[in-house]
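Structure first, commentary second.
Note that the coordinates shown come from a computational prediction; the quantities given were computed from them, not determined experimentally.
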Amino acid sequence: MEKELYNRVRELRARFDYTQEKLAKEVGVTRQTIAAVEKRDYVPSALLALKICKSFGLPMEEVFALEEDAL
Amino acid sequence: MKRIFQSYWLNVLLLALLGWGMVPFFSMQAQFAETVVGSGDEFSIVVDIFPIVVLLGVGLLLTVLLIPYKRKEGLSWAQLFLPAEFAEDDERERAITGKACRNSYIAMWYVVPVLAVVMTFYPFVQEQAPYFPALILLIVPLVQLTVFHLTLRWNLSRPDRF
């Protein structure tokens with residue numbers, strides 16, 4: 001069975017007081033794409049994932065993981 | 001992406017105009033073939049140029065209106081010649097466009113054999129509608145356009161399906 005990519009984008013956005021719009025602008029995508037990533041409807045590319053991590057100043061493993069329990 | 005939905009009906013209108021414009025062309029070619037094959041000394045072709053003028057007029061108008069609009073949107077000259085459907089804003093929209101292209105390609109493999117069968121009925125309607133092949137041919141891009149836009153609409157309005 002294919003594993004899902006879990007993420008903490010919504011939680012981190014709240015912690016860092018980022019709106020979807022602000023984060024989207026920072027990483028160069030549309031607000032809808034950030035919303036889709038948060039809902040796990042869209043799996044971001046490695047590049048976008050790294051940009052999101054960079055904007056939070058966190059390593060990849062603290063933002064994205066293959067298993068929900070890993071986060 | 002809103003403009004993508006807007007351009008669907010524009011594309012359908014252009015296809016319809018192209019189909020309408022093809023009718024006098026077929027008539028003209030039929031008359032020309034009759035003159036060449038026949039032994040008549042007279043040479044006269046009667047063509048209704050109204051549909052062709054409308055098609056060229058709409059094409060010219062769209063070119064004049066769309067080029068400054070696209071330039072204003074910051075598109076390069078190379079991008080001006082790409083369909084408006086490919087004006088994606090980010091990687092997710094590019095992925096959705098890719099999926100729409102895939103579905104459109106798959107649809108072609110179903111619609112072409114069906115239309116090939118429909119074409120075999122041409123001899124039955126040849127007298128009444130000599131332009132029949134042109135209209136049948138235009139069904140291919142019409143189906144592709146429709147599948148493409150339905151896929152976009154489905155995936156953009158219901159992102160959980162993507």
Task: Nearest-0.5 Å distance, OH of residue A:Y42 to CD1 of residue B:I96 - done: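 So the OH of A:Y42 and the CD1 of B:I96 are separated by 8.5 Å.
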Open item on the list: So, taking the atom named CG in B:D90 and the one named CD1 in A:I34, what distance separates them when rounded to the nearest 0.5 Å?
Closed with: 8.5 Å
Heavy-atom neighbours of [X] [atom1] exceed 12 at 6.0 Å:
X      : atom1 : answer
B:Y122 : OH    : yes
B:L13  : CG    : yes
B:R102 : CZ    : no
B:Q128 : CD    : yes

Show every donor-acceptor pair shorter than 3.5 Å between a side-chain atom in residues 17-32 of chain B and any protein atom, with sequence neighbours excluded, or say none if there are none.
unit_1 : atom_1 : unit_2 : atom_2 : d
B:S27  : OG     : B:Q31  : NE2    : 3.2
B:Q31  : OE1    : B:V46  : N      : 2.8
B:Q31  : NE2    : B:S27  : O      : 3.4
B:Q31  : NE2    : B:V46  : O      : 2.7

Open item on the list: If the condition is salt bridge (charged side-chain N to carboxylate O under 4.0 Å, His left out), which residues does B:E91 pass it with, not counting sequence neighbours?
Closed with: none
Task: Distance-only donor-acceptor check, side chains B:D89 and A:T30, under 3.5 Å - done: no
Open item on the list: Taking 4.5 Å as the heavy-atom cut-off, does anything in residues 44-56 of chain A contact chain B, and if so which residues?
Closed with: A:P44, A:S45, A:L48
Task: side-chain hydrogen bond (donor to acceptor under 3.5 Å, both in side chains) involving A:R31 - partner list, sequence neighbours excluded - done: A:Q20
